[in-house]
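Read through the structure below, which is laid out as structure tokens, and then see the notes.
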2 protein chains.
Amino acid sequence: MAPKSKPTIIDVARVAGVSVTTVSRVLNGGKYVSPDKLVAVQEAFDKLDYQPNLHARSLAGERAYMIGLLFDDPRGDYLSGMQRGTLLAGQKAGYHVLVELLGRTGTLAQMKRLISRVRLSGVILTPPVCDHTSLLNTLVRHNIPAVRISPSSDFPGIPSVKIDDYAAATEMTRHLITLGHRKIGFIIGDLEHADARERQRAFNDALAKAGVEARPEWVAEGGYQFSGGLTAARKILSQPDRPTAIFASNDDMAAAVIAVADEMGLRVPTDLSVTGFDDTSLASAVSPALTTIRQPVEQMAMKAVEILLERISGEKPEIETPVMMGTKFVRRGSTGPAPK
Amino acid sequence: MAPKSKPTIIDVARVAGVSVTTVSRVLNGGKYVSPDKLVAVQEAFDKLDYQPNLHARSLAGERAYMIGLLFDDPRGDYLSGMQRGTLLAGQKAGYHVLVELLGRTGTLAQMKRLISRVRLSGVILTPPVCDHTSLLNTLVRHNIPAVRISPSSDFPGIPSVKIDDYAAATEMTRHLITLGHRKIGFIIGDLEHADARERQRAFNDALAKAGVEARPEWVAEGGYQFSGGLTAARKILSQPDRPTAIFASNDDMAAAVIAVADEMGLRVPTDLSVTGFDDTSLASAVSPALTTIRQPVEQMAMKAVEILLERISGEKPEIETPVMMGTKFVRRGSTGPAPK
DNA sequence: ACATTCCCTGAAAGCGTTTTCATATGACGG
DNA sequence: CCGTCATATGAAAACGCTTTCAGGGAATGT
């Protein structure tokens, strides 16, 4: 069977016995359409199995029904989870998602090229591109609605969704203290990211508040990478007086700590407790599985889309403070009571 | 500064002193355009910083400059790597990428809706949607170029890119045999997937060829999941006479084997060698790191895009046999000599 | 009764491209 | 010197929608 050419709005109009204008009105909310014609048009939609053409709509109107999802790199549990959330939420609202990679260099030029080539209803910005200031400025200047997920810095005029890193890291630190640990190490994430700084601040504050000593030689930077975590863990664990627990700022680095402990013949959690952060799939695949903090990655993205759609539809509640999403402490096998 | 409205092809035509037709011709390959006008138009492009509007092009012409990337679920190293490859290759060719989630149910309806809403130059199909037969039929019927990545089954008329699972699994099995293992277990992937069956077949053949006994009680199914791997590993390792090595059909299940070994006090690789497959990020994060097979995931996607673009531009070399990409054996710490 | 408003309705003018179609020019073979 | 052909060029007609504009009728106010 020949792929019968797709029905257009004109066909619908003919079948429904109305003008294309009326059909268009039905398509866009049905305001100023009498009930009987409304029904007639909808019947025609069904009968013809009509789907409006996105390109024509974008060309002719204001709306685009397409949201841009901007990445530096889509790999990794964290980011692909965000993608899934975006896709799910966007799909539900009848939007399509255009994914674009914004390389390390020439980001701005790429963005400009993108928005002059395709009309986007709005964009979702994932880390780290959500912190590219001139990119954000460009978006504002072109009046393109945007929402940032887990941004590091503040930026007026663009809403954002994030988690409360401070609270979560506080909870995690308290967990270790409650288990009896008094010698606790810490592996810092990528200091470029505000969340890395927040987690560290919470750690320090929690120690101080509990009257637990914080030793600088038990702190090292791992850049959120497994490899960096390896180096950091080796540095910390090779101290003559070593900690009985290490709080790594993310799961990858926590896995690295476990690897190093293994290397050195330390048993986890008997000799050393280890904690992660994020609850990526790695957290449960490693043995022992990581005690960690679960981020509601997909929900964050869905929330971001929700906010974006509000912005698009003109309702601008002008939320300037980031929307905070709740995290969940997940206890697994990598933490245990402090050794005597 | 006000966001000066984007230049159109008309502006370019005026600046270059030619007709829009000529500008359009330059945009589409510059055939039948005299050298001087060609230069004039290109200068106008630069001067105005012109970018052609995608929606208008799609609406008016045959081409769409947009490729669809179809997922069941974009999460996981494997799939997000494919996405990156697609994005990279697409971007380089000036194409944009629309990502769509095709749920478990209603896939076909979703696809039909998609293609009647937006014009796609072609689509890339990732597993498992690349095996959805009626979806493939629809694509063919609508004459939409497509390429499948790592499909399980054959489908005439749609090219595909995959790895040689049989050869890779053979190499892996030989590796274990060479290390002296004679009691080798195997964890099967998801039998729905042809690759799972291929890997098992290679394993069996390699054992047979080497005259090594294959014991059914050392084989279990793990469904390519960590959790399934856990169950499978427990079943195999709880045998009174247990194997000295286990070949898991992917990294997730291999990590599960390590977890179970840990549980049972078996040292890897001293007491038990473990191998994975895929070389996802998990493979190096686990300790000991996994001996595994690296799949060139990104390159596969890039190759798929390349083939797709050839199809789109009309060159139809009509490749019916899948394009095979090379894998790489990666030796890490999880395998060692068989215990005495 | 008459203006004023509000709800419907459709004709027609875009939106920014690509694609015919028509025409012009120069080159070429006989 | 005349058809034929390949190369250049632009005017104008799509492509499938949204939006503006200009009524027409019914309801409301005076």
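To find a chain, count down the sequence lines: A is the first, B the second, and so on, and within it residues start at 1.
- In this structure, the CD atom of A/E62 is 13 Å from the C1' atom of C/dG14, given to the nearest Å.
- Checking each of B/S150, B/P151, B/C130 against B/S160 for a side chain to side chain contact (heavy atoms under 4.5 Å, CB included) leaves exactly one that passes, namely B/P151.
- Per the geometry, CD1 belonging to A/I9 stands 13 Å off C1' belonging to D/dC15, to the nearest Å.
- Between B/D49 and B/K6, no side-chain nitrogen of the basic residue sits less than 4.0 Å from a carboxylate oxygen of the acidic one, so the salt-bridge criterion is not met.
- Comparing D/dT19, C/dT17, D/dG10 by their closest approach to the side chain of A/R63 singles out D/dT19.
- Two residues, A/V20 and A/K37, neighbour DNA chain C, and the one matched to the more 5' nucleotide by heavy-atom proximity is A/K37.
- Rounded to an integer number of Å, the gap from A/R57 CZ to C/dG16 P is 18 Å.
- Listed candidates were D/dT19, D/dT9, D/dC17. Nearest to the side chain of B/T22 is D/dT9.
- Whole-Å rounding puts the B/F45 CZ to C/dT17 C1' distance at 12 Å.
- Rounded to an integer number of Å, the gap from CZ of A/R25 to P of C/dC8 is 10 Å.
- Comparing D/dA11, C/dT18, C/dC7 by their nearest atom to the side chain of B/T21 picks out D/dA11.
- Across the protein-nucleic acid pair, A/D11 atom CG and D/dG16 atom C1' stand 10 Å apart, rounded to whole Å.
- If you check every strand for non-hydrogen atoms under 4.0 Å, B/Y50 touches sugar and phosphate atoms only.
- One atom, CG of B/L54, and another, C1' of D/dC15, lie 14 Å apart when rounded to the nearest Å.
- Nearest-nucleotide positions on DNA chain D place B/G61 closer to the 5' end than the other of B/G61 and A/G61.
- Checking C/dT18, D/dA8, D/dC17 against the side-chain heavy atoms of B/Y32 singles out D/dA8 as nearest.
- Tested against B/V99 for a side chain to side chain contact (heavy atoms under 4.5 Å, CB included), the candidates A/L69, A/L87, A/T86 yield a single pass: A/L87.
- In this structure, NZ of A/K6 is placed 9 Å from P of D/dG16, rounded to the nearest angstrom.
- Ion pairing of A/D77 with B/R75 is absent here, as no side-chain N (NZ or NE/NH1/NH2) approaches a carboxylate O to less than 4.0 Å.
- Of the candidate nucleotides D/dC17, C/dA11, C/dT17, D/dC17 has the atom nearest to the side chain of A/N53.
- When distances run from any side-chain atom of B/V33 to the nucleotides D/dC17, C/dT17, D/dT9, the shortest one goes to D/dT9.
- Backbone-only engagement by A/S34 is indicated by non-hydrogen atom pairs under 4.0 Å involving sugar-phosphate atoms exclusively.
- Of the candidate nucleotides C/dG10, D/dT9, C/dC15, C/dC15 has the atom nearest to the side chain of A/L59.
- In the set C/dA11, D/dC17, D/dA11, D/dA11 carries the atom at the smallest distance from any side-chain atom of B/S19.
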*Starting from the C-alpha separation in whole Å, work towards a yes-or-no answer on side-chain contact (heavy atoms from CB on, under 4.5 Å) for B/L98 and A/V97.*
CA-CA 6 Å; B/L98 191 70; A/V97 176; 5.5 Å; no
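- Here B/T8 lies in heavy-atom contact (under 4.0 Å) with sugar-phosphate atoms only.
- Geometrically, A/R25 does not engage A/Y32 in a cation-pi contact, judged by NZ or CZ lying under 6.0 Å from the ring centre and within 45° of the ring axis.
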